[in-house]
Amino acid sequence: MSYNLSEGALETIMKGGNYDAPIIQMLGTKKIQGNDAGDRYRLLVSDGKYTYSFAMLATQLNIMLLSGELTDYSVIQVDQFVTTLLKNVGKGEKRVIIILALTIIANGRDVRHKIGNPQPWSEEATSAQRPEPKPAPVTPKFTAKVEPKAANLDSSMLSVKMTNPISSLSPYQNKWVIRARVMSKTPIRTWSNAKGERKLFSMYPCDETGEIRATAFKNECDTFYDMIQVDKVYYISRCAIKTANKKFTTLKNDYEMTFTAETVVGEYVGDESAVPTVQYDFLPISEIANKETETLIDLIDVCKSASDVQELTAKSTGKLLKKREVMLVDASGGAVTLTLWGNEAEKFEGNTNPILAVKGARLTEFNGSKSLSCLSSTMLRLNPDVPEAHKLRGWYDNGGADADIVNISAKSGNFTGGSNEWISFSEAESRQLGTGEKGDYYSLLGVLTFTFSENAVYKACPQEQCNKKLVDQENGLFRCEKCNREYPNYKHRILLAANVSDPTGDQRVTLFNEAAETMLGKSAEEIARLSEYDKNEYNKIFDEVKFKTFVFKFRTKMENFNDESRLKTTVVNVQPVDYKDGIARLLKNIKTATGVQV
DNA sequence: CCCCCCCC
């Protein structure tokens, strides 16, 4: 068996050219340094003509060596690589090839020999002319006194070939310049400790080889915060590199950087199309429920709806918080709530059903249902220009908007439980809904045929969570049996029995306060007032609602009462009919029943 | 040097 190596590929690459997916042979490895994040390996490689010993394996590929998959004499195709110039004092510069992705063409244990008679590569060994020595990159020192623009490096001083890939940065290398796009930056956060007032912001640069977190404290925070703009490409140099604590980041980098007084940042002005933007690892909503809470998740979804901004006070810190809950859906048939905070909550515009790309939202659990929450490090993009977004838009605008969804953030025991599918009373019966241990929820399009309007409103316990009907003590006080105390005041609540019909049957139902208020279009207090002072108007409210059609959501459960079991059905939600939605459901049923495309 | 990320 013989193997064709890409003869001459290394020479092309060494001279700064490109070579697409070269096939080379690995002849040896050397562990070059160990640190907390793991070892790095240097490879001796051959293209059949030359050997070269300054090839590095990207750390994510170390596993191929450690597992024994990649051994000496293996023939590999280098699917992705970058080169970087390293300067060694007294030895000039050295071009290092960093192998980012590879495919094993032949196992070293099968090949078992060096292919051809390759000679060590050096510039002298080639017939090519020695290139002119390149000038060292000039990195003018930034001081806060000058205009931010003055901090910009002159692009012409830095050849693109002289920038270092983010994936090559390590604490052992202090001369480097990266050219990277800022994926996002956090707001400035301040805190105090024994050393006084502190502040910081973080930003997240990425290039074609990777991503990294960069944090600026105090002076550097002041200096760079306004200058750094999301989505712009910068040259960044002279930050301190340290091992990242994986507990606090999901970025695929073992290191992170800290701005120092020496740090130089310059805006890159030129063709930036090769510098990628945020890299995602999108997860369909249907798979979120399988993930552990606290996991950080990337997703791309359609915003189906969004709540208003709500203000609340954090119990632990007393801080005033603003939040907005966004309901996201995707083609996996799932829905999930994403909570936005602060400024992000305030500026969010959800009623055009935008596509939202999210990187690093935290999975949380509350009352048995899962939802997502934004952190300061979470990256949000509205209607990003990525293929997944266009696909989603097409799906949503062509039926996805009306698709049945399973909301994994539904509050259990609340009106959002159960399926959104409309069924009939006869289907509810044949499915034996309500006969199980727990109650069952179902939705139905039905007509309100009767209300038992007499005594529909009562005086309820004024305690927030109680709502128990009070006993009038006839002395100006009202007794709550549940709280076991008397109150001088009360609130009005509605408890309404009614009848709902659909073409297949009918059902006696109960509406509690909120559902009744929605259906009647009046508050309990108003109805109480009319009950006392204007009986005609009171009766009119119930007359007008009769024979109206609604979308009901019921909770039904078999209850035993005096040896008799009876289905108790409560209206947990009632909404007027959205005819667009109703027609879409009818069309879908026709399609399913007939196979006819409509 | 942060590493909190909130609420129902």
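All heavy atoms count here, side chains included; hydrogens, waters and symmetry mates do not. Every chain is numbered from 1 and lettered A, B, ... according to where its sequence line falls, protein lines coming before strand lines.
- Within the nucleic acid shown, A:R324 has no heavy atom closer than 4.0 Å to any nucleic acid atom.
- Atom-to-atom, CG of A:L321 to C1' of B:dC6 comes out at 5 Å; the value is rounded to the nearest Å.
- Considering only the side chain of A:N193, B:dC2 comes nearest among B:dC4, B:dC2, B:dC6.
- The distance between atom CZ of A:F248 and atom C1' of B:dC4, rounded to the nearest whole Å, is 10 Å.
- Side-chain N/O atoms of A:K242 include one lying less than 4.0 angstrom from OP1 or OP2 on B:dC1.
- For the pair A:L340 CG and B:dC7 P, the computed distance is 17 Å after rounding to whole Å.
- OP1 or OP2 of B:dC6 lies within a sub-4.0 Å distance of a side-chain N or O belonging to A:R362.
- Close to B:dC6, at under 4.0 Å from its OP1 or OP2, lies a side-chain N or O of A:S373.
- Checked by distance alone, A:S377 brings no side-chain donor or acceptor within 3.5 Å of a matching partner on the base of B:dC5.
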**Study point:** Intermediate values then yes/no, salt bridge (Lys or Arg N to Asp or Glu O under 4.0 Å), A:R493 and A:E514
**Key:** CA-CA 9 Å; A:R493 284 181 68 84; A:E514 288 71 20; 3.7 Å; yes

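- Heavy atoms of A:E311 sit nowhere under 4.0 angstrom from any nucleic acid atom.
- Judged by distance alone with a 3.5 Å cut-off, no donor-acceptor contact links the side chain of A:E325 to the base of B:dC8.
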Side-chain donor-acceptor distances from residues 196-203 of chain A under 3.5 Å, at least two apart:
{"from": "A:E197", "atom 1": "OE2", "to": "A:S192", "atom 2": "OG", "distance (Å)": "2.5"}
{"from": "A:K199", "atom 1": "NZ", "to": "A:D222", "atom 2": "OD1", "distance (Å)": "2.7"}
{"from": "A:S202", "atom 1": "OG", "to": "A:T215", "atom 2": "OG1", "distance (Å)": "2.9"}

Return all side-chain donor-acceptor pairs below 3.5 angstrom for residues 284-300 of chain A, not counting sequence neighbours, or 'none' if the list is empty.
{"from": "A:T295", "atom 1": "OG1", "to": "A:E292", "atom 2": "O", "distance (Å)": "2.4"}
{"from": "A:D298", "atom 1": "OD1", "to": "A:G360", "atom 2": "N", "distance (Å)": "3.0"}
{"from": "A:D298", "atom 1": "OD2", "to": "A:D281", "atom 2": "N", "distance (Å)": "2.8"}

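- With A:F512 as the partner, the side chain to side chain contact (heavy atoms under 4.5 Å, CB included) test is satisfied by one option alone out of A:L496, A:L495, A:I494, A:V571: A:L495.
- Regarding A:K246, its NZ atom lies at a distance of 20 Å from the P atom of B:dC2, rounded to whole Å.
- Across the protein-nucleic acid pair, A:L363 atom CG and B:dC5 atom P stand 15 Å apart, rounded to whole Å.
- A straight line from CZ of A:F259 to P of B:dC1 spans 16 Å, rounded to a whole angstrom.
- Relative ring orientation between A:Y490 and A:H492 is described as perpendicular, the plane-to-plane angle rising above 60° on a 0-90° scale split at 30° and 60°.
- Of all nucleotides listed (B:dC1, B:dC2, B:dC7), B:dC7 comes nearest to the side chain of A:L312.
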